[in-house]
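Numbers here simply count residues along the sequence, with the first being 1.
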Amino acid sequence: MNTRNKLKILNDPIYGFITIPNPLIFDLIEHKYFQRLRRISQMGMSYLVYPGAHHTRFHHALGCMHLMQKAIQVLCFKGVKISEEEKQALLIAILLHDIGHGPFSHAMEHSIVNSVHHEEISLLLMEQLNKEFNGSLTLAIEIFKGNYPRKFMYQLISGQIDMDRADYLKRDSFYTGVAEGNINSERIITMLSVVDDELVIEEKGIYSVEKFLVARRLMYWQVYLHKTSLVAEQLLIRVLKRAKELTLQGTELKASAALSFFIRNEISIEDFNYEVLDTFAKLDDYDIVSAMKEWMNEDDFVLSNLCNMIINRDLLRIKIKNKKISAKKVQNETQSLLEKHNISEAEASYFVFSGEISNQAYKTTSQNINILMKTGKIQDVVKASDQLNLKALSKPVTKYYICYPKDKL
């Protein structure tokens with residue numbers, strides 16, 4: 001009989017000790033699907049800008065679970081009735097919310113699989129785990145999908161001030177050293193309450209919410225949309241796109257079995273049977289890095305140069321502007337590349353391209369952040385706040401970028 005102690009305590013650099021509350025959650029953490037998150041970086045290519053940003057999705061998922069434990073305690077203390085089954089389901093749903101992330105986070109959604117979002121793969125992995133754990137994840141999956149009638153539970157997992165954001169802003173700020181993102185997640189959680197099955201923040205927590213929204217905006221410009229991370233992620237998308245293109249033309253590229261499978265096959269959501277899902281769960285950052293180290297030596301001009309740029313951090317030049325990049329500017333850069341190297345326009349498009357990025361700290365169109373006033377009235381945070389800039393934070397700001405080679409390519 002296995003009498004292993006499953007009530008473990010983990011040491012987290014941000015929150016101190018995190019407790020694993022029950023044997024089921026311990027077994028989920030031990031599962032190979034979850035352990036894989038140790039090999040998926042939380043911030044993709046951001047370590048090329050912030051050398052400390054090497055933390056993983058594994059770190060983040062455990063942090064989210066810890067914050068959910070706190071949120072449940074606070075709400076129960078305030079008289080919100082949450083059953084033991086619901087408590088466990090909330091912890092499982094937040095623990096597994098990112099389990100479907102591919103290597104280097106979002107780059108894979110555009111290249112390894114055909115527009116399959118990580119949320120969809122997370123759901124498939126959760127359903128597979130539910131089979132293995134005899135249906136004990138059924139309620140967690142209902143909450144994760146937003147099908148459970150108690151709306152505040154879904155808002156804790158996926159809202160504008162959910163446990164996911166409460167952890168990643170604080171964690172990413174810590175590991176990058178960007179102090180502007182350091183939010184007071186403890187205070188925000190302490191101010192949570194529920195009215196008519198919807199999540200609200202008590203009025204005295206309004207300044208913490210304002211700080212949270214400002215921090216989110218600053219972290220997007222300073223970290224998540226930093227121009228170097230942006231160009232590195234675009235190069236990675238193009239590496240995988242080129243690898244697929246060459247493979248379809250008959251080139252044999254060295255790669256792990258899992259990566260080879262996704263490069264050789266066009267996989268969309270309909271193709272995700274158990275075998276495909278299990279193969280996806282074998283993919284992590286290491287597959288991509290070791291493949292790029294091999295592909296640096298390929299004869300193909302495009303693939304070898306793209307891989308060299310990422311591995312040796314000698315990236316394309318990137319310029320960010322407030323207005324759209326003219327087609328003429330792209331054409332000029334393409335032309336000078338064509339004159340320099342004997343390549344086609346299609347090949348040149350891997351090195352010269354433009355795009356846009358957008359930052360919106362608070363979306364007034366989706367679930368609002370509602371403030372519970374002392375009078376009992378509920379107001380949207382933008383109305384309740386005396387800070388003028390919250391209105392500005394709820395407007396999307398779009399910027400435009402162009403990437404092109406440095407002179408030495």
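Across Gly100 and His118, no two heavy atoms sit closer than the pair O-CB, 3.7 Å. Shortest non-hydrogen contact noted between Leu192 and Met163 is CD1-CE, 4.1 Å. For the pair Met126 and Ala140, the tightest heavy-atom approach, listed with the atom from each and the gap, is CE-O, 4.4 Å. The nearest pair of heavy atoms linking Val74 to Thr190 is CG1-O, 3.7 Å. Smallest separation of non-hydrogen atoms from Ala232 and Ile310: O-CD1, 4.2 Å. Residues Phe144 and Ala93 come closest through the heavy atom pair CD1-O, 4.2 Å.
One finds no salt bridge joining Glu333 and Lys319 here, because no Lys/Arg side-chain nitrogen approaches an Asp/Glu carboxylate oxygen to under 4.0 Å. With respect to the salt-bridge test (charged N to carboxylate O, under 4.0 angstrom), the residues Glu347 and Arg242 qualify. Checked for salt-bridge contact, Lys282 and Asp287 miss the test: no charged N lies under 4.0 Å from a carboxylate O. Using a cut-off of 4.0 Å between Lys/Arg side-chain N and Asp/Glu carboxylate O, Arg57 and Asp285 are scored as not salt-bridged.
Between the CE atom in Met219 and the CD atom in Glu180 there is a gap of 9.0 Å [rounded to 0.5 Å]. Taking CD1 of Ile157 as the start and SG of Cys64 as the end, the distance is 10.0 Å to the nearest 0.5 Å. Note that OG of Ser336 and NE2 of His341 are 9.0 Å apart. Values are rounded to the nearest 0.5 Å. Ile72 CD1 to Lys70 NZ: the interatomic distance, rounded to the nearest 0.5 Å, is 12.0 Å. Summarising the geometry, atom CG belonging to Asn368 is positioned 12.5 Å from atom CG belonging to Leu199; distances are rounded to the nearest 0.5 Å. We find the CE-CG distance between Met292 and Asn312 to be 10.5 Å, quoted to the nearest 0.5 Å.
In this structure the side chain of Ser41 never reaches within 4.5 angstrom of the side chain of Tyr47, judged on heavy atoms. Side-chain contact between Ile357 and Tyr220: absent, with no pair of heavy atoms (C-beta onward) separated by less than 4.5 Å. No side-chain heavy atom of Ile369 sits under 4.5 Å from any side-chain heavy atom of Val382. The side-chain heavy atoms of Tyr148 and Glu86, taken from C-beta on, include a pair separated by under 4.5 Å. A heavy-atom distance below 4.5 Å is not found between the side chains of Asp167 and Ser185. Looking at heavy atoms from C-beta onward, Leu96 lies out of side-chain contact with Leu125 at the 4.5 angstrom threshold. The closest side-chain heavy-atom distance from Asp271 to Val116 is not below 4.5 Å. Within the 4.5 Å cutoff, the side chain of Leu246 has no heavy atoms near those of the Glu298 side chain.
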Q: For Tyr224 and Arg216, run side chain to side chain donor-acceptor pair (under 3.5 Å): C-alpha distance rounded to whole Å, both residues' side-chain angles, the deciding distance at 0.1 Å, then the answer.
A: CA-CA 10 Å; Tyr224 308 128; Arg216 187 169 143 76; over 6 Å; no

Q: Please report the C-alpha distance between Asp278 and Gln128 in whole Å, then the side-chain angles of each, then the deciding distance to 0.1 Å, and finally whether the side-chain contact (heavy atoms from CB on, under 4.5 Å) criterion is met.
A: CA-CA 10 Å; Asp278 209 50; Gln128 182 55 37; over 6 Å; no

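Aromatic pair Phe351/Phe301: ring centres closer than 6.0 Å. Aromatic ring centres of His59 and Tyr175: separated by under 6.0 Å.
Glu202 places no side-chain N or O within 3.5 Å of a backbone atom of Met373 that could act as its donor or acceptor partner. At distances below 3.5 Å, not a single donor-acceptor pair connects side-chain atoms of Thr176 with backbone N or O atoms of Ala53. A donor-acceptor contact shorter than 3.5 Å is absent between the side chain of Thr251 and the backbone of Thr247. Looking only at distances, no side-chain donor or acceptor of Thr56 sits under 3.5 Å from a matching main-chain atom of Gln42. Between the side chain of Asn273 and the backbone N or O of Glu275 there is at least one donor-acceptor pair closer than 3.5 Å.
The closest side-chain donor-acceptor pair between Lys170 and Asn182 falls under 3.5 angstrom. In summary, the side chains of His55 and Asp172 do present a donor paired with an acceptor at a separation below 3.5 Å, with no hydrogens or angles considered. Side-chain contact check for Arg171 and Tyr15: no donor-acceptor pair (N or O, by modelled atom type) lies under 3.5 Å. Side-chain contact check for Thr138 and Asn130: at least one donor-acceptor pair (N or O, by modelled atom type) lies under 3.5 Å. Side-chain contact check for His66 and Asp12: no donor-acceptor pair (N or O, by modelled atom type) lies under 3.5 Å. A donor atom on one side chain and an acceptor atom on the other are found under 3.5 Å apart for His31 and Glu132.
Each of Val195, Asp197, Val200 was checked for a side-chain contact (heavy atoms from CB on, under 4.5 Å) with Phe152, and the lone residue meeting it is Asp197.
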Only pairs under 3.5 Å count here: list side-chain donor-acceptor contacts from residues 16-27, not counting sequence neighbours, and write none if there are none.
from, atom 1, to, atom 2, distance (Å)
Asn22, OD1, Leu24, N, 3.2
Asn22, OD1, Ile25, N, 3.0
Asn22, ND2, Gln88, OE1, 2.7
Asp27, OD1, Lys6, NZ, 2.9
Asp27, OD2, Lys6, NZ, 3.1

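With Tyr404 as the aromatic partner, Lys329 meets the cation-pi criteria of under 6.0 angstrom to the ring centre and within 45 degrees of the ring axis. The cationic group of Lys227 does not satisfy the cation-pi geometry with Tyr401, failing either the under 6.0 Å distance to the six-membered ring centre or the 45° limit from the ring axis.
Few gaps surround NZ on Lys244; more than 12 heavy atoms of other groups in view lie less than 6.0 Å from it. Heavy atoms from other residues, nucleotides or ligands lying under 6.0 Å from CG of Asp196 number 12 at most. The environment of Lys204 atom NZ is sparse: at most 12 non-hydrogen atoms of other residues, nucleotides or ligands sit within 6.0 angstrom.
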